[in-house]
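Notes follow the structure.
Predicted model, so just to flag it, every value in this text is computed and none were measured. Numbers for residues simply follow the sequence, beginning at 1.
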Amino acid sequence: MTTPVHHRHRSTALAAVLALIGAVLLGLTACTPTGAQRPGVVVTTNILGDITREIVGDQAEVTVLMGPGADPHSFGISAPQAAKIEQADLIVHNGLGLEENVLRHVEAARESGVAALAVGEGVDPLTYASDDMAGRPDPHFWTDPTRVRTAVRLITDRLIEHVDGVDAAVIRANATRYDTRLADLTAWMENRFAAIPPNKRNLVTNHHVFGYLAQRFGFRVIGAVIPGGTTLASPSASDLKSLATAIEKAKVPAIFADSSQPGRLAQALQRESHVDVRVLPLFSESLTERGGGAATYLEMMRANTTAIADGLGAPTPTARPTAGTERKTP
């Protein structure tokens, strides 16, 4: 015969087991939707990745395919990154032929129904005016912060339209806040470049990447060490000699080389030109790691503006850059 004490022990044990099972099920119920339903945005380049993260904030997961210091013309993606593209709620890419090794993945995802935004196509793109790229679209629109402000509006609208679960009011507030910082950056750049005499606003770069900056701020692009708009091209001896002649004629005091590329070609041109010209680094197509001088778009543009102004002989300002251009710590 079972005693009441045994009944009490069995009841207590059964209650404990049921409570444990209930707690586990409750935990699974609470955790699963958050992990499974969090919307995802995939961005190809790290420059657009930084801009997109400023707009998205904590509203979605942002995956950036291109690592710090990579060349957008040649970087490739891994199998897990390709899977991310296929599973994205929205793909943000530069377009205009920039991401040459990633485009087929983007196109395949688009054909399968994934929303995609080619940002460069919507910012009034320029075309190259010389060399073997003449007439083709120039993808380097981010060197003009005014066009980046247009890009922010495009990304904002597409996020709200295609990414379910984001708070439109939060997205628009983030975009407005970032737009203000871009406007401050533009004003600071205009002021800094104004100190360069018009006859000295001549640019020679590693390849044709600063056409948008030149148009916006009144520079003249004398030429590029590498002909065309991609780092995958190579200059000939006659290319170097022609450019050296142009440098001597315009009395260019500095050549600007991409910081992610070896300065070998620019230094060869320096020797060929027989003039006293410095080779200075710019951050043109990729952001850096934190502490590398161009960890964000705003930091990159400030660094480039300072390098160009100093390299072309502008007086060093006594005032610090506008506070609105400083990145706020998350």
Please identify each residue that fulfils salt bridge (charged side-chain N to carboxylate O under 4.0 Å, His left out) with D124, with sequence neighbours left out. R147
Is R38 salt-bridged to D89, cutoff N-O under 4.0 Å? no
So, D71 and H73: side-chain donor and acceptor under 3.5 Å apart, yes or no? no
Ion pair D167/R172, N-O distance below 4.0 Å: no
Please identify each residue that fulfils side-chain hydrogen bond (donor to acceptor under 3.5 Å, both in side chains) with R104, with sequence neighbours left out. none
What's the spacing between T156 OG1 and E161 CD if we round to 0.5 Å? 12.5 Å
Checking N46 against S286 for the side chain to side chain donor-acceptor pair (under 3.5 Å) test, could you report, in this order, the C-alpha distance in whole Å, the side-chain angles of both residues, the deciding distance, and whether it holds? CA-CA 6 Å; N46 53 43; S286 182; 3.0 Å; yes
Only counting residues at least two apart or in another chain, list the ones meeting side chain to side chain contact (heavy atoms under 4.5 Å, CB included) with Q87. A83
Please report the shortest heavy-atom distance between P72 and A70, naming the atom on each side. CD-O, 3.6 Å
Do T150 and R153 meet the criterion of a side-chain donor-acceptor pair at a distance under 3.5 Å? yes
Shortest non-hydrogen contact from L282 to F256? CD1-CB, 3.4 Å
My understanding is that a hydrophobic cluster links ILVMFWY residues whose side chain heavy atoms are under 4.5 Å apart, including indirect links. Using that, what else belongs to the cluster containing V114? V42, L65, M66, F75, I77, I85, I91, V102, V106
Single-linkage hydrophobic cluster, 4.5 Å side-chain cutoff, V43 and L103 together: no
In the hydrophobic clustering (ILVMFWY, side-chain contacts below 4.5 Å, transitive), which residues join V221, or is it alone? none
E61 and K84 ion-paired at < 4.0 Å: yes
What distance separates E285 CD from M300 CE, expressed to the nearest 0.5 Å? 9.5 Å
Taking atom CD as the centre, does E289 end up with more than 12 heavy-atom neighbours from other residues, nucleotides or ligands that are less than 6.0 angstrom away? no
Gap separating the OH atom of Y212 from the OG1 atom of T143, nearest 0.5 angstrom: 8.0 Å
Side chains of F210 and S284: closer than 4.5 Å at any heavy-atom pair? yes
Those residues that, when tested against R278, pass side-chain hydrogen bond (donor to acceptor under 3.5 Å, both in side chains) (two or more places apart): none
For the CZ atom of F193 and the OG1 atom of T305, what is their distance to the nearest 0.5 Å? 4.0 Å
